[in-house]
Novice: 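Please see the structure below; I have some questions.
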Amino acid sequence: MTRPRARRNAIAALNDIDWGRKTVSVRGSTASIRITTYRDVIEIVPVCPRLDLLFIPKIGVAADVYALDVLVTQIELEHGRAKAHRPSRP
């Protein structure tokens, strides 16, 4: 399946199925494939308010996590969504 088709299928599933109170996640592309990961985030996150978790496999360095957090936060702010509560580390 091509990435664009996979994204469309993920968007349809997130928006068309009643997930109830279940945690809903999408597995994106490996973080080392930067343009594909970027496209996954900017095409899925803005149109799927029901998305709870974005799973990105094979994070190589801490900067990958930071970059994705900044990108998702910007999308959340642009769409008027509250940033998810993240518990403080012990």
Novice: Take V24 and L53 through the test side chain to side chain contact (heavy atoms under 4.5 Å, CB included) and record every step on the way to the result.
Specialist: CA-CA 6 Å; V24 180; L53 180 103; over 6 Å; no

Novice: Under 4.0 Å between a Lys/Arg side-chain N and an Asp/Glu carboxylate O for K22 and D52?
Specialist: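 Not counted as a salt bridge, because no side-chain N and carboxylate O are separated by less than 4.0 Å.
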
Novice: Does the side chain of S25 reach to within under 4.5 Å of the side chain of L54, using non-hydrogen atoms?
Specialist: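 SC-SC contact between S25 and L54 ruled out.
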
Novice: May I ask you to test the R81-V45 pair for a side-chain heavy-atom distance under 4.5 Å?
Specialist: yes

Novice: Restricting to non-hydrogen atoms, name the atom on G28 and the atom on I56 that form the minimum distance, rounded to 0.1 Å.
Specialist: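 Answer, listing the atom of G28 first, then I56: CA-CD1, 3.9 Å.
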
Novice: Tell me the closest heavy-atom pair linking R27 and P57, and the distance in Å.
Specialist: NH2-CG, 3.2 Å

Novice: Please check if L77 and V72 belong to a single hydrophobic cluster, counting links between Ile, Leu, Val, Met, Phe, Trp and Tyr side chain heavy atoms closer than 4.5 Å.
Specialist: no

Novice: Please answer whether the main-chain N or O of V65 pairs with a side-chain N or O of D69 as donor and acceptor at a distance below 3.5 Å.
Specialist: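 No: the side chain of D69 does not pair with the backbone of V65.
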
Novice: Can you tell me if N15 uses its side chain to pair, donor with acceptor, with the backbone of V47 under 3.5 Å?
Specialist: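 Here the side-chain-to-backbone pair exists.
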
Novice: I need the D16 CG to I11 CD1 distance, nearest 0.5 Å.
Specialist: 10.5 Å

Novice: Could you tell me whether the side chain of E78 reaches within less than 4.5 Å of the side chain of P46, counting heavy atoms only?
Specialist: no

Novice: What heavy-atom pair brings R21 and R50 nearest, and what distance separates the two atoms?
Specialist: C-NH2, 4.0 Å

Novice: Is the backbone N or O of L51 less than 3.5 Å from a side-chain atom of W19, with the two atoms forming a donor-acceptor pair by type?
Specialist: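 Answer holds: no.
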
Novice: Less than 4.5 Å apart, side chain to side chain, heavy atoms only: is that true for V26 and F55?
Specialist: no

Novice: Could you tell me whether a side-chain N or O of R39 sits under 3.5 Å from a main-chain N or O of R3, the two making a donor and an acceptor?
Specialist: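 It does not hold such a pair.
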
Novice: Of all the heavy-atom pairs spanning A10 and I44, show the shortest one and how long it is.
Specialist: CB-CD1, 4.4 Å

Novice: Looking at SG of C48 and CD of E43, how far apart are the two atoms once the value is rounded to the nearest 0.5 Å?
Specialist: 11.0 Å

